[in-house]
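Worksheet for the structure shown next.
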Amino acid sequence: MATSQSTVQFKMMFNKQTFHKDSSYTNSAGDTVQIHRFMFYTNKWKLITSNNDTIHLSKDHFLINIEKEQSMALTFPKLANATKIIFDIGVDSILNTTGIQTGILDPAIGMFWTWRTGYIMAKLHGVSPQAKTAGNRFSYEVGGFQSPYNSVRTIVLELPTHREKSKPITIQTNMANWFNGKHPIQIGITPNCHNAGKLAMQLADNYATMFSIDPSN
């Protein structure tokens, strides 16, 4: 049974550094990056208990946005014996095909392509001197909900056994992994992604690796 409320807090990082929007960072390829926009949808939040029971926390979608600090803290029922927390990055496939949505799924927010291609699951925009584009801008927008280019990714995180139950669960979110989580991405070669396809799948594979539980939990 849920005993109280717990906060899940996303902590934005670039490698081992706490992320600051006005700072520049160096990725694994040696590219210098300054990130101006980072947003992603999450849904299907659930917990696995020590008895291997699955507890569904919410049916809602949430939009995490580095420009809106309040969006990075989510409140759910808390279970004292939770061992794993699980969530999807992206938008449920049904909602990509069932007409205009409202709230954080409103296409006017800017996280939607077309009725054929559906929602942008995650986006990362910024500037880099390695980007041979107007204004040295790079723009990665990842979407696609149909096979073989389904960009939804499921994240499974182990919770510390001796976690202090009253503390928030802090999920470190390492944006550097967009460039090297599983596939090397060089801004000078591929500064843009604006449609479903192989590059979007590689980026989705990469950012699926960017989450970890803060060890101080």
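The structure displayed is predicted, hence computed values, not measured ones.
In this structure, Tyr119 has its ring center no closer than 6.0 Å to that of Trp113. Taking the six-membered ring wherever Trp is involved, the centroid distance between the rings of Phe62 and Phe76 falls below 6.0 Å. In this structure, Phe19 has its ring center no closer than 6.0 Å to that of Phe38.
When every heavy atom of Phe40 is checked against every heavy atom of Ala122, the shortest pair comes out as CB-CB, 3.6 Å. Scanning both residues, Met210 and Met175, for their nearest heavy atoms gives SD-CA, 4.5 Å. Of all heavy-atom pairs spanning Tyr149 and Lys198, the tightest one is CE2-N, 3.7 Å. When every heavy atom of Ile104 is checked against every heavy atom of Ile109, the shortest pair comes out as O-CD1, 3.2 Å. The heavy-atom pair separating Cys193 from Leu203 by the smallest distance is CB-CD1, 3.8 Å. Ile213 and Glu158 make their closest contact through CG1-O, 3.4 Å (heavy atoms, listed as atom of the first residue, atom of the second, distance).
Under the rule for a side-chain hydrogen bond (donor to acceptor under 3.5 Å, both in side chains), the partners of Asn174 that lie at least two apart in sequence or sit in another chain are Asn177.
In Asn51, the CG atom is crowded: over 12 heavy atoms of neighbouring residues, nucleotides or ligands sit closer than 6.0 Å. Counting non-hydrogen atoms of other residues, nucleotides and ligands closer than 6.0 Å to NZ of Lys21 gives a total above 12. Residue Glu67 qualifies as enclosed at atom CD: its count of foreign heavy atoms under 6.0 Å is above 12.
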Discussion item. Walk me through whether Thr190 and Ile185 qualify under side chain to side chain contact (heavy atoms under 4.5 Å, CB included).
Written reply: CA-CA 7 Å; Thr190 50; Ile185 302 294; 3.6 Å; yes
Worksheet entry | Residues Leu159, Lys84; criterion side chain to side chain contact (heavy atoms under 4.5 Å, CB included); working and verdict | CA-CA 5 Å; Leu159 295 174; Lys84 297 178 184 177; 5.8 Å; no
Worksheet item: What do the steps show when you test Ser128 against Gln34 for side chain to side chain contact (heavy atoms under 4.5 Å, CB included), and what is the final call?
Response: CA-CA 7 Å; Ser128 169; Gln34 186 173 8; over 6 Å; no
Discussion item. Checking Asn96 against Gln146 for the side chain to side chain contact (heavy atoms under 4.5 Å, CB included) test, could you report, in this order, the C-alpha distance in whole Å, the side-chain angles of both residues, the deciding distance, and whether it holds?
Written reply: CA-CA 10 Å; Asn96 281 273; Gln146 296 174 314; over 6 Å; no
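Residues Gln9 and Thr7 bring no donor and acceptor atom of their side chains to less than 3.5 Å of each other. For the residue pair His183 / Asp205, a side-chain donor-acceptor distance below 3.5 Å is found, with atom types taken as modelled.
Aromatic ring orientation, Trp178 versus Tyr140: parallel (interplanar angle below 30°, classes split at 30° and 60°). Between Tyr25 and Phe14, the ring planes lie parallel to each other; the angle is under 30°, not in the 30° to 60° tilted range.
Placement of Val142 and Phe145 within a single hydrophobic cluster is found when ILVMFWY residues are connected by side-chain heavy-atom separations under 4.5 Å, directly or transitively. Clustering ILVMFWY residues whenever any of their side-chain heavy atoms sit less than 4.5 angstrom apart, transitively, puts Ile48 in a cluster other than the one holding Trp45.
A distance-only check finds no donor-acceptor pair linking the side chain of Ser139 to the backbone of Asn192 [under 3.5 Å].
Taking CG of Leu199 as the reference point, atom CG of Asn206 lies at 9.5 Å (rounded to 0.5 Å).
Contact check on Arg153 versus Asp88 returns no salt bridge, with no Lys/Arg side-chain nitrogen under 4.0 Å from an Asp/Glu carboxylate oxygen.
You'll find the side chain of Gln17 stays beyond 4.5 Å of the side chain of Asn15, heavy atoms only. Residues Ile171 and Asp214 form no side-chain contact, since every pair of their non-hydrogen atoms from C-beta on lies 4.5 Å or further apart. Residues Phe138 and Leu124 meet the side-chain proximity criterion, which asks for heavy atoms closer than 4.5 Å. Between Met121 and Val152 the shortest side-chain heavy-atom distance falls below 4.5 Å.
Checked options Arg137, His36, Glu141; the residue passing with His125 is Glu141 (criterion: side-chain hydrogen bond (donor to acceptor under 3.5 Å, both in side chains)).
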